[in-house]
Amino acid sequence: MSFTHVVSFISVVREGSFARAADRLGVGRSAVSRSVRKLEDHVGARLLRRTTRSVSLTAEGQTFYDACWPGVERIVLAIEEMQDLREGPPRGQMRIAAPQSFGRQVVAPLLVEFQALFPELSLELLLGEGAVDLAADRIDVAFRDGDLEDARIHARLLAPMQLRVHASGDYASRHGLPASVDELARHACINLRLPNGRLQEWHFKGREQMHAVTPNARLVFNDTSLVLQAALDGMGLAQLPACVGRNAVAAGKLVVCLDQLAPDNRSHYICYLSRRQQPARIRAFVDFMTRRIREPG
């Protein structure tokens, strides 16, 4: 209540009348007058000298105004700065989280282009396989793969997440490629250890529903890049997101198999906490990434 009274008092002084202060605050003139009277009662001094034609500060009012205005001005500037961040050109700092493979292969290359468009932005990209808490970890935007279970998160679909089984041409020429999921048992497989300690399941499309298997892995890593490198080195088969193996497949360094069984129920998402009152930097980043990632190729 006291802060409301102070704001009314400051507005009367700045506007020069109770009527203009009321218009500025969007309330009735009588409400402003009551607020000022209550403030005077609270501080035990008369702050304003009122006549039918003008309003002026008493000596006590001048002292009180001089003490209050710098604090109120800082609040006004803070509000204006927040409006600037929401409505002005993108600027400030952004913390972005992404899975390791998607972050390296897709997000990181696009950050250069995005920052060139908005040079007043400072960007920090954090890679990791575990799910991040956007609020607790102070993350502005997160990229996520697979299924989303957190109802607090607003997500925009970027693209289907294609899981493909990859092998080097050398491995394929020496050992052949599986024609069914059952034949995986006869092949050397390379797998990923997840942050929760479990081995990654390989997902495939069945006749009626999706099913998952955990192949007997010859090599296990906790980094997707190492899984990819082992596949490139001819050490075995690896199921990886298509974005991870894309360049190697295009260059003829990797081949794919079991594509007819590739799952189609998983996707890449870009996530953020609120759809309302977003700073301009988040809106610009989400729109840019969505457009660029959805472009062919």
Fill in the blank from the handout: Taken in chain and number order and not counting sequence neighbours, the residues that satisfy ring pair (Phe, Tyr, Trp, His ring centres under 6.0 Å) with His203 are none
Problem - Sidechain N-carboxylate O distance under 4.0 Å for Glu40, Arg50 - result: yes
Practice task
Please confirm whether the backbone N or O of Ala217 pairs with a side-chain atom of Asn191, one donor and one acceptor, at under 3.5 Å?
Solution key: no
Practice task
Could you tell me whether the side chain of Arg95 and the main chain of Glu124 form a donor-acceptor pair under 3.5 Å?
Solution key: no
Problem - Non-hydrogen side-chain atoms of Leu158 and Ser267 separated by less than 4.5 Å - result: no
Exercise for the section: Report yes or no: does Arg294 contribute a side-chain atom to a donor-acceptor pair with the main-chain N or O of Leu157 at less than 3.5 Å? Expected result: yes
Handout entry: Partner residues of Ser33 under the side chain to side chain donor-acceptor pair (under 3.5 Å) criterion, sequence neighbours left out
Key = Arg37
Practice task
For Asp223 and Ser225, indicate whether the former's side chain and the latter's backbone hold a donor-acceptor pair under 3.5 Å.
Solution key: yes
Problem - Carboxylate-amine/guanidinium contact Arg46 Glu60, below 4.0 Å - result: no
Handout entry: Polar contact flag, side-chain donor to acceptor under 3.5 angstrom, Thr51-Ser54
Key = yes
Exercise for the section: Check whether the ring centres of Phe102 and His268 lie less than 6.0 Å apart, and answer yes or no. Expected result: yes
Problem - Sequence-distant partners of Phe64, ring pair (Phe, Tyr, Trp, His ring centres under 6.0 Å), two or more places apart - result: Phe9
Exercise for the section: Would you please indicate if the ring centroids of Phe114 and Phe285 are separated by under 6.0 Å? Expected result: yes
Tabulate below the donor-acceptor pairs under 3.5 Å that side-chain atoms of residues 180-187 make, not counting sequence neighbours, or state none.
residue : atom : partner : partner atom : Å
Glu183  : OE1  : Ala179  : N            : 3.0
His187  : ND1  : Tyr171  : OH           : 2.9

Do any side-chain atoms of residues 14-22 form donor-acceptor pairs under 3.5 angstrom with protein atoms, and if so which ones, sequence neighbours left out?
residue : atom : partner : partner atom : Å
Arg14   : NH1  : Tyr65   : OH           : 3.3
Ser17   : OG   : Arg20   : N            : 3.0
Arg20   : NE   : Glu15   : O            : 2.9
Arg20   : NH2  : Glu15   : O            : 2.9

Exercise for the section: For Gln93, look at atom CD and say whether over 12 heavy atoms of other residues, nucleotides or ligands are found less than 6.0 Å away. Expected result: no
Practice task
Linking directly or through intermediates, with side-chain heavy atoms under 4.5 Å: list the remaining ILVMFWY members grouped with Leu199, chain and number order.
Solution key: Val220
Problem - Ion pair Arg174/Asp170, N-O distance below 4.0 Å - result: yes
Handout entry: Heavy-atom neighbours of Arg198 CZ exceed 12 at 6.0 Å
Key = no
